[in-house]
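Counting from 1, the numbers follow the sequence of the chain as shown. In this text the structure is predicted, and so the values were computed from the model without any measurement. In listed order, ligands and their atoms are each counted from 1.
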Amino acid sequence: MTLPLVLSPEVAAARRDGAPLVALESTIITHGMPWPQNVETAALVEETIRSAGAVPATIAIMAGRIHVGLTAAELEALGRMKDVAKLSRADLAACLARGGNGATTVAATMIAANLAGIAVFATGGVGGVHRGAETSYDVSADLPELGQTPVNVVAAGAKAILDLPKTFEYLETLGVPVIAFGQDAIPAFWSRDSGLRAPLRMDSAQDIAAAFRMRRTLGLPGGQLIVNPIPEADEIPAADLAPFIAEALAEAEARGIAAKEVTPFLLQRLFELTGGRSLTANIALVLNNARLGAAIARALAA
Ligand code: PSU
Ligand code: MN
């Protein structure tokens, strides 16, 4: 059986030339942001990566094949689609075998990027350990993926809809290096400081690339999580968002939202509850992560 992998012409050329590549996920497009900002942001992220000297590779499943690199028309179609399947590690093979379509989460995007030989991936926020996980056992498959698939994931931390201390404890258990970029604290998505100290701090893309190469040399499986603080100008104080997070969580509980629906439901409600504010910040931090992702990809290609 051959690998159902399709590289876009731009990505295939970059692979051939050894040019730096940055993978991008599609669940952020289908389940993470509303239309039309989702498609506008996806295009802007790709342009940002090109301007920073790397090649973007947005990943999605279409007609039973893993597409690495989408055309503008494919991005637009994906962003407008309703009820797109959200595919994580557990869903990927069945969807491909059935010839289906779907958007890839951080975990599934890491798997696809690794299959395509891409070692850097930029996104907004990663999944984590949910609040109340001690009873629900809701832990995102993104975390064990970081422990086993060799991809550098650049994110702005995790949203406070999650239990952040438990999320970072769990990553430590899995042996995932969590590297704060340019500061000592782990950022908390919309705000720059979660109040948690990062296990590692690095101030250059070169240092991040060197640590990744050393992991490979040592034969250690898994990736690195680079947590990049949102630019100061775009930050929203954690206290401003806390009541909205509490409200979204209470609603999810009251409505019995479970399993794969939890994260999309909470993200959607937060966008609604905060109006445009959380979305503007979200776009700014994704672009910021795209720039750092490109720099890491270039350092790895050098
Ligand atoms: N967190 C965000 N934005 C997102 C997601 C998480 O701030 O778009 C998406 C990502 O695709 C992530 C997924 O991989 O949700 C995690 O879902 P779950 O918690 O069901 O594993
Ligand atoms: Mn879950």
* Structure fact -> Closest non-hydrogen contact found for Ala155 with Val126 is CB-CG1, 4.1 Å
* **Closest approach of any protein heavy atom to atom 15 (O) of ligand 1, naming residue and atom** => Thr263 CG2, 3.5 Å
* To do: Going by heavy-atom distance to atom 5 (C) of ligand 1, choose the closest among Ile28, Leu267, Thr27.
  => Leu267
* Walk me through it: do Glu10 and Arg50 pass the test salt bridge (charged side-chain N to carboxylate O under 4.0 Å, His left out)? => CA-CA 11 Å; Glu10 185 188 19; Arg50 290 190 190 99; 2.8 Å; yes
* **Nearest protein heavy atom with distance in Å, relative to atom 13 (C) of ligand 1** => Asp142 OD2, 4.1 Å
* Heavy-atom contacts with Gly32 under 4.0 Å: which atoms of ligand 1 show up? List them by number with element. => 8 (O)
* **Close N or O approach (Lys159, ligand 1; < 3.5 Å)** => yes
* Within-cut-off N or O pair, Glu25 and ligand 1, under 3.5 Å -> yes
* Please determine if Lys166 and Glu169 form a salt bridge, counting it only when a charged side-chain N lies under 4.0 Å from a carboxylate O. => no
* Mind checking whether Phe189 has an N or O less than 3.5 Å away from an N or O of ligand 1? -> no
Please set out all donor-acceptor pairs under 3.5 angstrom arising from side-chain atoms of residues 255-262, sequence neighbours excluded.
unit_1 : atom_1 : unit_2 : atom_2 : d
Lys260 : NZ     : Lys86  : O      : 2.4
Lys260 : NZ     : Asp91  : OD1    : 3.3
Lys260 : NZ     : Asp91  : OD2    : 2.8

* Asked: Does one side chain, of Glu145 or Thr149, offer a donor that lies under 3.5 Å from an acceptor on the other?
  -> yes
* Asked: Does ligand 1 have any atom sitting under 4.0 Å from a heavy atom of His130?
  -> yes
* For the Mn ion (ligand 2): the N/O/S atom of Asp138 at shortest distance -> OD1
* Side-chain heavy atoms under 4.5 angstrom apart, residues restricted to Ile, Leu, Val, Met, Phe, Trp, Tyr: same cluster for Leu24 and Leu7? -> no
* **Pairing of Asp163 and Arg131 as salt bridge, 4.0 angstrom limit** => no
* Please state which protein non-hydrogen atom is closest to atom 1 (N) of ligand 1 and give its distance, to 0.1 Å? -> Gly125 O, 3.6 Å
* Can you tell me the protein heavy atom closest to atom 21 (O) of ligand 1 and the distance? -> Ser140 OG, 2.7 Å
* To do: Among all protein heavy atoms, pick the one closest to atom 17 (O) of ligand 1 and tell me residue, atom and distance.
  => Lys86 NZ, 3.1 Å
* Near Glu253 CD, under 6.0 Å, is it more than 12 heavy atoms from other residues, nucleotides or ligands? -> no
